[in-house]
Amino acid sequence: MFYTKLPGKTDRESPAVGNAFPGYRFLIQAGYVRSMGKGLNALLPLGKRVENRLKEIISEEMEEMGGMEISVPLVSPLELWEKTDRRHKTEAPFVQFKDRSGRDMVLSPTHEESVTFLFKDCIRSHKDLPLFVYQYQLKYRDELRPRGGLLRSKEFMMKDGYSFHRSYVELNNFFPTIFAAYQRIFQHCSVPTYAVEADSGFMQGSRSYEFIMSHPKGKNLSIRCNSCEYKASQNIAYAEKDAHVEDLLPIEEINVGAFTTLHALQQQLQVSMDKFCICTLYKCEKGLFITVHRADSEVSQYKLQKLIKSCKAGPPDSSDFDKLGQNSRCLSPFGLPEDVKIVVDDAVVDSCNLIITSGEPDFFYKNVNFGRDFDANIVGDIVKVQQGQSCSICGGTLYQDSGIELGHIFKLDDYYTRAMGLTYQNLRGEFIYPHMGSYGIGIGRLMEAIAEANHDERGLIWPYRLAPYKCYVMGTGKSPTIKEFVNNLSEKLKDIALVDDRVENIGTKFKDFELLGIPLRIVVGRNFLEKSMVEIYERKSGIIKEIKADKLMNYLQAWMQEQVKESRIAK
RNA sequence: CGGGAUAUAGCCUAGUGGCUAAGGCGCCUGCUUUGGGAGCAGGAGAUCGCAAGUUCGAGUCUUGCUAUCCCGACCA
């Protein structure tokens with residue numbers, strides 16, 4: 001391939017894209033990717049080639065475990081989403097439209113419905129199971145806030161896999177296989193990842209694992225233990241909560257005057273933060289909820305939603321406070337109307353002699369004890385794990401890590417098959433709902449993560465298998481002999497090489513080679529005419545050497561074999 | 001949707017109410033140059049995001065719209 005034929009040349013200057021990750025800046029600057037508007041990205045030929053390499057790596061792993069590639073349409077009828085009730089489960093980013101006949105359609109944000117519907121007719125017998133299929137298909141999510149280049153686009157390519165099993169046990173046994181395959185895929189891509197237990201949320205089902213690449217600017221928060229293997233998404237992470245057992249003291253009312261902040265009050269009363277309780281009002285389709293938690297923690301909306309079995313608990317309107325007869329500054333579990341539910345964090349239950357708002361301005365209660373002084377409708381874990389809390393498995397110290405979520409695998413159980421009436425007949429002729437798993441990798445996001453994990457200050461450094469071209473060939477000077485040699489080489493190497501045929505200064509070409517991140521540079525230059533030597537330079541290692549021109553093809557073959565061998569991962 | 005910021009040529013930017021909107025990169029033509037974004041000469045490229053308003057005069061001030069970027073809820 002000749003460089004002059006490529007549309008989308010390199011830019012000398014870094015693009016003005018806010019504080020995007022360096023990896024994304026290089027992808028734009030080097031001509032791999034171009035933004036077509038908020039959350040919409042185009043791939044130029046170089047970017048498309050990387051995407052294809054990624055698909056090869058992923059497909060290899062999928063096929064290895066018996067996966068078969070399929071394709072279901074991007075568009076699906078809305079009625080499928082009504083069957084599984086997901087349409088109303090969240091503020092899902094659906095883009096809906098009516099087709100010519102007035103039928104409601106959606107641009108699918110994910111394809112569980114479509115795939116389940118597809119196999120409703122194909123799966124009839126226990127002999128048809130297990131089944132594992134995967135596809136590469138666009139997803140469209142009208143995200144509230146797309147961000148970070150390819151990290152969260154509205155439209156993005158996803159590898160999504162779906163498996164159907166005769167039972168939960170069978171699904172469960174399949175999980176380690178897919179788990180290991182995902183780990184190998186990310187290893188092949190040279191992105192360091194770790195897996196965390198996560199919440200399946202909108203996807204339904206029981207269990208899920210996210211594959212996270214640690215990154216200081218990542219938006220995905222995980223909790224990890226410094227001494228055992230415990231890793232969990234912050235949404236579901238749990239920790240040891242220290243209780244303070246002491247003798248119960250009689251409740252007292254204290255006048256705090258016009259206190260400003262809890263911290264000020266804490267200073268004034270000279271007690272530690274974990275002695276205070278904070279009350280917060282939430283609203284959802286089931287009504288109003290007041291949460292009570294200790295001030296040394298904060299509410300996890302995820303956990304709250306799970307506990308109260310709602311999907312959209314959120315902040316209340318000001319009119320909701322009027323219904324309580326309390327204002328937002330002195331919310332209290334005391335003297336509430338019947339229909340407001342009280343949700344209490346279990347740490348509050350286990351703590352003694354707490355300080356809490358009374359419901360009246362300026363007054364707090366001291367020495368309040370759960371069970372004696374107030375009660376709850378629901379008790380459970382509703383707070384986020386804080387940095388430094390103890391691991392409830394090993395007692396080690398927990399810390400928070402931010403990262404980018406690259407893949408997510410879900411145990412969906414029989415949620416979809418049940419909702420859509422997909423059954424098979426077992427040996428006894430009974431109709432059974434298969435258990436499903438679903439497995440996603442965001443291709444664009446992965447590409448950016450790879451760029452982010454594999455670059456230096458000069459540009460990208462593609463892992464061998466992902467490089468759009470394996471080597472970059474350039475000649476110097478005007479010698480027709482050199483030109484002829486380069487042209488011959490180009491002919492022989494075909495698709496493997498990107499030949500820089502520009503009439504440009506050598507510095508320009510060197511800079512662009514470094515920006516593009518192609519693994520190997522071949523310069524036919526100063527020592528060619530007299531000594532028949534060409535120069536070989538490895539982008540990653542910086543190793544530079546000269547070899548005889550007539551040995552070049554042999555050298556390249558050996559080098560490529562070596563690279564493939566190195567990138568192969570022991571199973 | 002809430003809060004903040006920005007919008008000038010393909011890219012990066014300057015432009016403090018006043019003359020024909022400035023520079024660099026890139027692009028085109030010619031010559032020169034070929035081991036680290038080289039040089040010389042010439043050239044093309046802008047309805048200054050859109051629409052109103054204030055003013056003798058608006059890229060610059062005001063308002064509205066639109067788009068983009070950043071911060072929150074959401075996600076692969």
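Note on naming: letters A, B, ... go to the chains in the order of the sequence lines (proteins, then strands), and numbering restarts at 1 for each one.
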Peer 1: Which part of the nucleic acid does A/Y439 contact within heavy-atom distance under 4.0 Å: base, sugar-phosphate only, or nothing?
Peer 2: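 Nothing, no nucleic acid heavy atom in range.
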Peer 1: Is there a side-chain contact between A/Y282 and the phosphate of B/rA73, meaning an N or O under 4.0 Å from OP1 or OP2?
Peer 2: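 Result: no.
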Peer 1: Should B/rU47 form a Watson-Crick or G-U wobble pair with both distances under 3.5 Å, which nucleotide is its partner?
Peer 2: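 WC or wobble partner does not exist here.
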Peer 1: Rounding to the closest angstrom, what is the interatomic distance between B/rG23 and B/rG43 at atom P?
Peer 2: 13 Å
Peer 1: Between B/rG15 and B/rU8, how far apart are the two C1' atoms, rounded to whole Å?
Peer 2: 9 Å
Peer 1: My understanding is that a pair needs two contacts under 3.5 Å, Watson-Crick or G-U wobble. By that rule, which nucleotide pairs with B/rC1?
Peer 2: B/rG72
Peer 1: Under 4.0 Å between a side-chain nitrogen and a carboxylate oxygen: does that hold for A/E60 and A/R465?
Peer 2: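 A/R465 and A/E60: salt-bridged.
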Peer 1: Please work out if A/F410 contacts a base, only the sugar-phosphate, or nothing of the nucleic acid, heavy-atom cut-off 4.0 Å.
Peer 2: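 Since only primed, P, OP1 and OP2 atoms lie under 4.0 Å of A/F410, the category is sugar-phosphate.
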Peer 1: Send over the distance from A/F94 CZ to B/rC75 P, rounded to a whole Å.
Peer 2: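 Distance check: A/F94 CZ to B/rC75 P gives 13 Å.
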Peer 1: Looking at A/F117, I'd like to know if its CZ atom is crowded, meaning that more than 12 non-hydrogen atoms belonging to other residues, nucleotides or ligands lie closer than 6.0 Å.
Peer 2: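 No - once you tally the heavy atoms of other residues, nucleotides and ligands closer than 6.0 Å, there are 12 at most.
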Peer 1: What's the closest nucleotide to the A/K478 side chain, out of B/rU34, B/rG72, B/rA76?
Peer 2: B/rU34
Peer 1: Could you give the distance separating B/rA9 and B/rA44 at their C1' atoms, to the nearest angstrom?
Peer 2: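 Approximately 11 Å lies between the C1' atom of B/rA44 and that of B/rA9.
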Peer 1: Show me the donor-acceptor pairs within less than 3.5 Å that the side chains of residues 500-507 of chain A make with the rest of the protein, sequence neighbours left out.
Peer 2:
| residue | atom | partner | partner atom | Å |
| --- | --- | --- | --- | --- |
| A/D500 | OD1 | A/R502 | N | 3.2 |
| A/D500 | OD1 | A/R502 | NE | 2.9 |
| A/D500 | OD2 | A/Y472 | OH | 2.4 |
| A/D500 | OD2 | A/R502 | NH2 | 2.9 |
| A/D501 | OD1 | A/Y3 | N | 3.3 |
| A/D501 | OD1 | A/T4 | N | 3.0 |
| A/D501 | OD1 | A/T4 | OG1 | 3.1 |
| A/D501 | OD2 | A/T4 | OG1 | 2.5 |
| A/R502 | NH1 | A/D512 | OD2 | 3.0 |
| A/R502 | NH2 | A/D512 | OD2 | 2.9 |

Peer 1: So does A/K9 get a side-chain nitrogen or oxygen closer than 4.0 Å to the phosphate oxygens (OP1/OP2) of B/rC27?
Peer 2: no
Peer 1: Please list, chain by chain and in numerical order, all residues satisfying ring pair (Phe, Tyr, Trp, His ring centres under 6.0 Å) with A/F26, sequence neighbours excluded.
Peer 2: A/H455
Peer 1: May I ask you to decide whether A/K48 forms a salt bridge with A/E51, counting only side-chain N to carboxylate O separations under 4.0 Å?
Peer 2: yes
Peer 1: Would you mind writing out the side-chain donor-acceptor pairs for residues 515-529 of chain A within the sub-3.5 Å range, not counting sequence neighbours?
Peer 2:
| residue | atom | partner | partner atom | Å |
| --- | --- | --- | --- | --- |
| A/R521 | NH2 | A/E535 | OE2 | 3.1 |
| A/N527 | ND2 | A/E546 | OE1 | 3.0 |
| A/N527 | ND2 | A/E546 | OE2 | 3.2 |

Peer 1: From B/rC11, B/rG36, B/rU13, pick the nucleotide closest to the side chain of A/E13?
Peer 2: B/rC11
Peer 1: Looking at B/rU62, which nucleotide sits across from it as a Watson-Crick or G-U wobble partner, both distances under 3.5 angstrom, or is there none?
Peer 2: B/rA52
Peer 1: What distance, rounded to whole Å, do you find between the two C1' atoms, one in B/rG59 and one in B/rC48?
Peer 2: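 One C1' to the other, the span is 5 Å.
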Peer 1: In the structure shown, which nucleotide is the Watson-Crick or G-U wobble counterpart of B/rU34, with both distances under 3.5 Å?
Peer 2: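 When the pairing criteria are applied, nothing turns out to pair with B/rU34, so the answer is none.
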Peer 1: Show each protein N/O and nucleotides 37-41 of chain B N/O combination with a separation under 3.5 Å, one pair to a line.
Peer 2:
| residue | atom | partner | partner atom | Å |
| --- | --- | --- | --- | --- |
| B/rG37 | O2' | A/R12 | NH1 | 2.4 |
| B/rG37 | O2' | A/R12 | NH2 | 2.6 |
| B/rG37 | N2 | A/D512 | OD1 | 3.4 |
| B/rA38 | O4' | A/N505 | ND2 | 3.4 |
| B/rA38 | N9 | A/N505 | ND2 | 2.9 |
| B/rA38 | N7 | A/N505 | ND2 | 2.6 |

Peer 1: Could you work out the separation of B/rU55 and B/rU20 based on their P atoms and round it to a whole Å?
Peer 2: 22 Å
Peer 1: Please enumerate all residues that pass ring pair (Phe, Tyr, Trp, His ring centres under 6.0 Å) together with A/Y416, with sequence neighbours excluded.
Peer 2: none
Peer 1: Do the charged groups of A/E56 and A/R53 touch, with an N to O distance under 4.0 Å?
Peer 2: yes
Peer 1: Checking all strands, does A/S153 fall into the base, sugar-phosphate, or nothing category for heavy-atom contacts under 4.0 angstrom?
Peer 2: base
Peer 1: With no angle test and no hydrogens, is the base of B/rC1 tied to the side chain of A/R145 by a donor-acceptor pair under 3.5 Å?
Peer 2: no
Peer 1: Strictly by Watson-Crick or wobble contacts shorter than 3.5 Å, is anything paired with B/rU16, and which nucleotide is it?
Peer 2: none
Peer 1: Answer with base, sugar-phosphate or nothing: what part of the nucleic acid does A/E143 contact at a heavy-atom distance below 4.0 Å?
Peer 2: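 Answer is base: heavy atoms of A/E143 come under 4.0 Å of a base.
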Peer 1: Show me the pairs that pass salt bridge (charged side-chain N to carboxylate O under 4.0 Å, His left out) and involve residues 192-221 of chain A, at least two apart or across chains.
Peer 2: A/E197-A/R207, A/D199-A/K306
Peer 1: Of A/G18 and A/M158, whose nearest nucleotide on RNA chain B comes first from the 5' end?
Peer 2: A/G18
Peer 1: Closest nucleotide of RNA chain B for A/E210 versus for A/V503: which of these residues is on the 5' side?
Peer 2: A/V503
Peer 1: Taking atom P in both B/rA14 and B/rG24, what distance in whole Å separates the two?
Peer 2: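 It works out to 16 Å between them.
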Peer 1: Which nucleotide in the set B/rU34, B/rC69, B/rG36 lies at the smallest distance from any side-chain heavy atom of A/K38?
Peer 2: B/rC69
Peer 1: Taking the same atom, P, in B/rA22 and in B/rU29, what whole-Å distance lies between them?
Peer 2: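 Straight-line distance between the two P atoms is 25 Å.
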Peer 1: Which one is paired to B/rG42, where only Watson-Crick or G-U wobble pairs with both distances under 3.5 angstrom count?
Peer 2: B/rC28
Peer 1: Say we look at B/rG4 and B/rU60: how far apart would their C1' atoms be, to the nearest angstrom?
Peer 2: 22 Å
Peer 1: Sorted by first residue and then second, give each salt bridge (charged side-chain N to carboxylate O under 4.0 Å, His left out) pair with at least one member in residues 471-481 of chain A; sequence neighbours left out.
Peer 2: none
Peer 1: Excluding sequence neighbours, so at least two apart, what forms salt bridge (Lys or Arg N to Asp or Glu O under 4.0 Å) with A/E112?
Peer 2: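 Partners of A/E112 under the salt bridge (Lys or Arg N to Asp or Glu O under 4.0 Å) test: A/R86.
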Peer 1: Going by number, which of residues 522-550 of chain A have a non-hydrogen atom under 4.0 Å from RNA chain B?
Peer 2: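 Result for residues 522-550 of chain A: A/V523, A/G525, A/R526, A/E535, sorted by number.
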Peer 1: Please name the nucleotide paired to B/rU6 by Watson-Crick or G-U wobble geometry with both distances under 3.5 Å, or report none.
Peer 2: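 Because both required distances fall under 3.5 Å, B/rU6 counts as paired with B/rA67.
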